[in-house]
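Report on one structure; see the data block that follows.
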Amino acid sequence: MDYQWVFAEITRAIRPVLAGGRTADYIPALAQTDPKHFGFAVADLTSHVQGTGDWEIPFSIQSVSKVFTLALVLAADGDRLWTLVGKEPSGAPFNSLYHLQRSGGIPRNPFVNAGALIITDRLQTLTGDASGTLRDFLRTETDNPDIDFDARIAESEQRHGHRNAALAHLLADYGRLDNPVDTVLDHYTRQCSLTMSCRDLVLAASFLARHGLRASHSRLLNRSEAKRINAVMLVGGTYDTAGDFAHRVGLPAKSGVGGGIIAVIPGRCILAAWGPAIDRYGNSLAGVTALDVFTTHTGLSIF
Ligand code: DON
């Protein structure tokens with residue numbers, strides 16, 4: 001399918017949105033990104049990619065990384081993983097301490113920061129190098145050896161990451177981490193600092209559209225595990241606005257405060273959008289608009 005016609009619709013629709021919004025400023029190095037960037041890409045099941053705008057420019061993937069660490073841990077641990085983290089909507093901001101305390105240290109889902117810290121901790125235990133394992137996986141899936149950490153962004157987040165440190169200490173207090181707090185935080189901020197383009201993201205995440213098969217067509221996840229990731233993305237991938245997102249777009253998705261967002265049409269394709277200005281929930285304003293336009297004009301959604 002040729003998507004150029006829908007790319008033209010998207011480009012028209014996001015123009016007014018690009019004028020508003022703000023980049024994430026609680027990670028100071030991220031605030032310096034030009035909010036006028038916009039990229040969009042689609043990969044089909046054969047890894048054929050089409051894109052528009054800044055679709056080949058790398059950016060900080062932030063929480064989009066949480067989908068990949070989740071997949072790597074699920075591949076090793078299977079359903080046991082769901083005893084460590086929940087599968088419920090966030091019901092609160094992604095970095096909320098309150099929910100973690102109320103649940104006695106079981107995060108709502110693997111995409112809130114507390115849940116992602118547990119997944120990174122588990123990946124560290126399984127591999128001895130959580131962020132390095134993730135980087136290697138992404139390089140292999142995309143055939144792009146340039147995918148790497150952005151040390152400046154990781155350091156900026158570490159220096160200002162009091163909330164994540166508080167979450168990690170709380171998790172440690174509940175006995176939920178195997179590794180030292182500093183090790184977990186270090187790997188977590190590095191995984192968030194990975195820079196990838198929309199092109200890279202659609203290739204790396206295409207196992208979610210292929211029901212668990214990697215780019216090489218070897219199996220990463222079984223069909224039911226891939227379904228479970230997509231299901232949790234639908235209910236929690238865009239945090240406290242997942243209902244509105246499902247209403248507008250109708251696809252499982254995962255956002256990051258770097259302005260990236262990926263969405264899955266199982267059995268068909270993967271989409272990625274990037275627009276650095278985000279809403280108060282941490283989702284790209286232009287990215288959500290673009291995905292809304294895509295599903296509305298093509299009629300392709302899971303509903
Ligand atoms: O931990 C943080 O706050 C960031 N490194 C990632 C948060 C994020 O991307 C939330 N997503 N929309």
Side-chain angles (χ1 to χ4, degrees), residues 21-33 35 59-70 85 89-97 99-100 107-121 130-131 134 149-171 181-182 184-196 201 205 232-242 244-245 249 252-263 272-288 291:
R22 295 173 49 155
T23 50
D25 52 11
Y26 76 101
I27 302 173
L30 273 186
Q32 292 159 19
T33 316
F59 58 89
S60 182
I61 66 169
Q62 293 298 320
S63 286
V64 182
S65 67
K66 296 169 181 174
V67 173
F68 301 113
T69 49
L70 173 62
V85 293
S90 308
F94 58 80
N95 52 9
S96 166
L97 285 153
H99 264 61
L100 187 60
R108 298 282 294 179
N109 64 51
F111 299 142
V112 291
N113 288 6
L117 287 164
I118 285 189
I119 301 293
T120 299
D121 175 60
S131 52
L134 173 62
F149 311 113
D150 184 325
R152 194 179 56 97
I153 289 179
E155 201 241 335
S156 176
E157 174 158 24
Q158 281 272 21
R159 203 147 13 97
H160 296 84
H162 301 300
R163 225 171 229 267
N164 285 338
L167 286 167
H169 281 287
L170 202 50
L171 287 168
V181 161
D182 286 347
V184 176
L185 286 170
D186 188 36
H187 282 278
Y188 171 80
T189 41
R190 261 195 291 169
Q191 86 179 49
C192 289
S193 83
L194 280 160
T195 61
M196 295 170 72
L201 282 173
V232 180
M233 286 169 75
L234 185 73
V235 300
T238 49
Y239 306 106
D240 234 6
T241 189
D244 184 60
F245 185 87
V249 179
K254 182 74 211 79
S255 61
V257 289
I261 180 160
I262 60 169
W274 174 46
I278 55 175
D279 63 20
R280 66 193 172 95
Y281 305 102
N283 306 309
S284 167
L285 287 163
V288 175
L291 291 166

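Both ligands and their constituent atoms are indexed starting at 1 by order of listing. FYI, the numbering just counts along the sequence from 1.
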Does Ser284 reach the main-chain N or O of Gly275 with its side chain, forming a donor-acceptor pair under 3.5 Å? yes
Check whether any N or O atom of Asn283, backbone or side chain, sits under 3.5 Å from an N or O atom of ligand 1, and answer yes or no. no
For Gly258, is there any backbone N or O sitting under 3.5 Å from a side-chain donor or acceptor partner on Trp274? yes
Please work out whether the ring planes of Tyr239 and Phe94 are parallel, tilted or perpendicular, with thresholds of 30° and 60°. tilted
Any sub-3.5 Å donor-acceptor pair from Thr120's side-chain atoms to Ala116's backbone N or O? yes
Identify the closest protein heavy atom to atom 12 (N) of ligand 1: which residue and atom is it, and at what distance? Gly282 O, 2.9 Å
Checking side-chain contact (heavy atoms from CB on, under 4.5 Å) against Pro89, which of Val235, Asp240, Thr238 comes through? Val235
With heavy-atom distances below 4.0 Å as the criterion, list the atoms of ligand 1 near Gly256. 9 (O), 11 (N), 12 (N)
Looking at Asp182 and Leu185, would you say the former's side chain and the latter's main chain have a donor-acceptor pair under 3.5 Å? no
Going by the order shown, which atoms of ligand 1 are within less than 4.0 Å of some heavy atom of Ser255? 11 (N), 12 (N)
To the nearest 0.5 Å, what is the distance between CG on Leu117 and NE2 on His169? 11.0 Å
Checking Thr33 side chain against Leu30 main chain: does a donor-acceptor pair fall under 3.5 Å? yes
Look at atom 8 (C) of ligand 1 and say which protein heavy atom is nearest, naming residue and atom and giving the distance to 0.1 Å. Ser63 OG, 2.4 Å
Counting only heavy atoms closer than 4.0 Å, does ligand 1 sit against the backbone of Tyr26, its side chain, both, or neither? side chain
Please work out, at 4.0 Å between heavy atoms, whether the side chain, the backbone, both, or neither of Val257 comes within that distance of ligand 1. both
Of all protein heavy atoms, the one nearest atom 1 (O) of ligand 1 is Tyr188 OH, 2.6 Å
For ligand 1, is there an N or O atom under 3.5 Å from any N or O atom of Gln62? yes
Which atoms from ligand 1 have a heavy atom of Cys192 less than 4.0 Å away? 5 (N)
At less than 4.0 angstrom from any non-hydrogen atom of Asn113, what atoms of ligand 1 do you find? 1 (O), 2 (C), 3 (O)
Kindly say whether Ile27 contributes a backbone atom to a donor-acceptor pair with the side chain of His160 at under 3.5 angstrom? no
Can Tyr239 be said to touch ligand 1, with heavy atoms closer than 4.0 Å? yes
If you measure every N or O of Lys254 against every N or O of ligand 1, does any of those distances drop under 3.5 Å? no
Where on Glu157 is there a heavy atom closer than 4.0 Å to ligand 1, on the side chain, on the backbone, on both, or on neither? side chain
Test of proximity, Phe94 against ligand 1: N or O pairs below 3.5 Å: no
Is the contact between Asn164 and ligand 1 made by the side chain, the backbone, both, or neither, using heavy atoms and a 4.0 Å cut-off? side chain
Do any N or O atoms from the side chain of Lys254 and from the backbone of Val64 form a donor-acceptor pair under 3.5 angstrom? no
